[in-house]
Amino acid sequence: MGRPRLAVFKFASCDGCQLTVLSLEDELLQLAEAVDICYFLEASSRMEPGPYDVALVEGSVSTEEDLQRILEIRQNSRYLVTIGACATAGGIQALRNWGDHAEFLRCVYAKPEYIRSLAHSTPIAAHVPVDFELRGCPISKQQLLEVLAALLAGRRPKTPEHAVCLECKRRLAVCVAVARGVPCLGPVTQAGCGALCPAFGRGCYGCFGPAAQPNLAGLTNHLQAAGMAPRRLVSGLRLFNAAAPAFQQESDRLAALEEAER
Amino acid sequence: MVDQATADEQYLAKADFQVLLDLLAGEGYEVIGPTLGEGAIVYGPLRSVADLPRGWTDEQEAGHYRLVRRNDEAWFGFVVGPQSWKQYLFPPRTRLLTAKCEHGTWKMQPAEEPVPKYAFLGVRACELAALDVQDRVFMHSAFPDPHYVQRRQQALVIAVNCTQAAPTCFCTSMATGPRCRQGFDLALTELAEGFVLEIGSPRGRELAARLPLAPASEQQCRDAADARAQAEQQITRHLATAGLRELLLSNLNHPHWDEVAARCLSCANCTMVCPTCFCSSVEEVSDLLGEQIARERVWDSCFNPQFSYVHGGLVRHNIRSRYRQWLTHKLATWHDQFGTSGCVGCGRCISWCPVGIDLTQEVAGFRAAADRALFDRRPGAGEHAASVSGQGRGPSGLSASRPFLQQPRGEAGRPLPDEAPELGQSDAPGSESPRSTEGR
C-alpha cells in the first residue's frame, strides 16, 4: 500500500490556515515523507485527482460553486477534516448572515451583477459530514500535527475542549480580566492557542470558538453588571466565530435585549 | 491567642537583608519570592532585594485584583497573589518520560530533569498550611510522587507573617493564620527598618548563625506583635466550619447548586490558583510517524468537562455537578481523604474567579437555607414560615419555602449522581440530621 494521499482545499477564507501547514517548517519534510501531498494549490501546482485519504478543508461555503465543490470533495475523501474558524463556523464573512446581502453588494462593488455569492456564509459541516474539526483563526500548528499523526496511526485525535483559562494558568499568566478589568472571552472559549492573547496582556477574542458546555450568559451577565453595554458584547461574540451556535445564540439574545431597551 | 515574644527572636536589619539572599545563592539555592509581573505580585527568582515589590500592595475583592502603590516602602505589604508555591513543587507541566521505537521495540526513557533546589522567601501562614496539605497528598500518601518529594525535601522555607489582610482573606476561619506557627525554617515579621526573625528548624538555625543578627529588643518584639495583630484585626471574611462537611453532604440535591451553576463559568480558574488543588492529567504527544513519544503530566481540573470522561461519557456532565464536586471535595470529603480541609482560607479562588463567585457566600447560602428549613419544620411554625417565604427570595437567592433536602447519614462521603432521586421527597418529620446544625 502506498502512502496516504493528502489534499488541501480552500473555500472562502484568508489562506492563513493553509499557511499553517506550510509553517510546519521542522516537520514538513517528515510530513512529505509520511503522506503523498496530491493537491495543495498554495504549495504546488501539482493537481492529482482523487480519491484522497485525508482532505483538509479551509474556508466557508459562500458561493453556489462552493456548494457543488464540497460535495465532490466529500465523495472523493476518506477523512474530511475542516481547518479553522471559517470552515468550522463560517468565519468573519458569516457576519453577513445578519446583514442585507444585496445591499452589501450594491455598496461595495461597482458592478454588483458580476458577484455571485450566497446570502449566507456557512460552515462545511452544514453541507457534508465532517470527520474532525480543527478550530482557530488560524489553527494551531500543534493541533494540526496531532490530527495528522492520529490519522496516520489510525487513532482518534485528541484536542482539548476546555476553556482557554486552563492553558492560561498552566503558563502562569496573570488573568487580564481580574487584574486589569480587560473583557476576556477566555472562560467560554475553547483552548488550543496556548492562551496567546492573555499572555500578552490582551483579552481573548474567542478565535477558537465556544468551549465545551460554555456558560455564555454567565459571562455576559457579569460583564453587563460591570457596566458593559450589550452592543459591545454582541460585537465581541460576533467576530471570528459569529456563526458558532453558542456564540450566535448568545449574541442574538443580547441583540434582542438591546433592541427591547431602545 | 496571645502573641508573645519568644527568647528565640532575633533582628535582621533591612540593610543586611541582601546578605541572606547572597548566602542562599552561595548554598546553591534558587531563591524564589514575590516580585512584580504582569500587573500583579507574582512569584519569581529573586537575586536582589530590589526585585521585591517594595512599596506596592494589592487591592482584592471577589473577581477583582489591582496592584496599587503604597504610601510607604514596605517590602511585604501585600497578601497573596495569583500564583502559589505549588507551581514550583508541582509544576503545571512535568515531563515524565520519552519513548522511542527502534526495530519494532519500544525503549522507555524516564525524564531526567535536574531537581531545582529552591529557597522560598515570603511564604505566608495560609501558604504554609497549603504546603502541608499538598505534602499529605503527594508525600504522605500510599503512593508518594517522586517529583514532588524531591523538590519539597530540598526546599528551604522562609515565611513572612502577614501584617495586613485583604477583604478576601479568611485564614482565621480555617485556623491556618495569619500567624506562621510551623512548617518554616525561618519566619520574618516586617518592621520599618528590619525584620524580627524566628527560627523554626535546625536548618533555619544553621542559616541564622551565619546572618548578621542581633537579639531583638523588647520594643521590636512588641512592634512585631502589633503588626501581626493588625493583620488579624483586618480579617472580615468568615467561613463557618462547624458541621460544614455534614451541611454540604446532606444537601447534594439542593436547588442552590443550580443557582451557583448559573453563574459559574466552569473555567477552572479557582482550581488553578488554589494552592492545594492537585489534579492532573497525563498527555502523550507523538511525532508524525509515531516512532517517538513524550509523556507529560499537566495541571487539570474537575471543572474541565473532559476530566470526568470515562468510557461512555462524562460523569460530571454539567456545571452544577462540577461545582458541587469541587466544593464538596474541598470542604467536606477532603477530610475523609486526607484528614484535613482542602481549604486554607487564602481567598485566591474568590479574587481570581472571573465572575467573582465567593465560596464563603455560597456556604452561607446553604446555611441560611438549612436554618430556615429547620424553622419551617418546627411544630406550629408552618403558617408563619409560609408568610416569611411569601416575601420572596433572601439575599442569597435561595427560596425560603423550599424544604431543605436531606441525605441519610453514613453515605455522606459519596456524592450522588444527578440522576439520584430527590432525597427530600421521602423526608419524614424528625429525619433531619442533628449534625447538620452542629455548632449553630
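Atom set for the values below is all heavy atoms of this structure, side chains included, hydrogens, waters and symmetry mates excluded. Residue numbering restarts at 1 for every chain, and letters A, B, ... go by the order of the sequence lines.
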For [X], is it the side chain, the backbone, both, or neither that has a heavy atom closer than 4.5 Å to a heavy atom of chain A?
X	value
B:Pro82	side chain
B:Ile41	neither
B:Val42	side chain
B:Glu283	side chain
B:Ser351	backbone
B:Asp58	neither

Of the listed residues (B:Ala268, B:Gly39, B:Gly63), which shares the most heavy-atom pairs with chain A below a 4.5 Å separation?
B:Gly63

Counting heavy-atom pairs under 4.5 angstrom with chain A, the leader among B:Ser266, B:Cys264, B:Gly290, B:Pro91 is B:Cys264

Hey, is A:Arg180 close enough to B:Glu38 for a salt bridge, meaning N to O under 4.0 Å?
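The answer is no: the pair does not qualify as a salt bridge.
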
Are a donor atom and an acceptor atom from the side chains of A:Glu167 and A:His162 found within less than 3.5 Å of each other?
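Their side chains do not contain a donor-acceptor pair, so the 3.5 Å distance test is not met.
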
What part of [X] gets within 4.5 angstrom of chain B, counting heavy atoms only: side chain, backbone, both, or neither?
X	answer
A:Ala149	both
A:Ala217	neither
A:Leu148	both
A:Ala173	both

Would you confirm whether B:Gln134, through its side chain, and B:Thr276, through its main-chain N or O, come within 3.5 Å as a donor-acceptor pair?
yes

Geometric class of the [Y]/[X] ring pair [parallel <30°, tilted 30-60°, perpendicular >60°]:
X	Y	value
B:Phe138	B:Phe278	perpendicular
B:Trp257	B:Tyr323	tilted
B:Trp85	B:Phe120	tilted

Give, for atom CG of B:Leu265 and atom CG of A:Leu216, the distance between the pair rounded to the nearest 0.5 Å.
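Those atoms lie 9.5 Å apart.
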
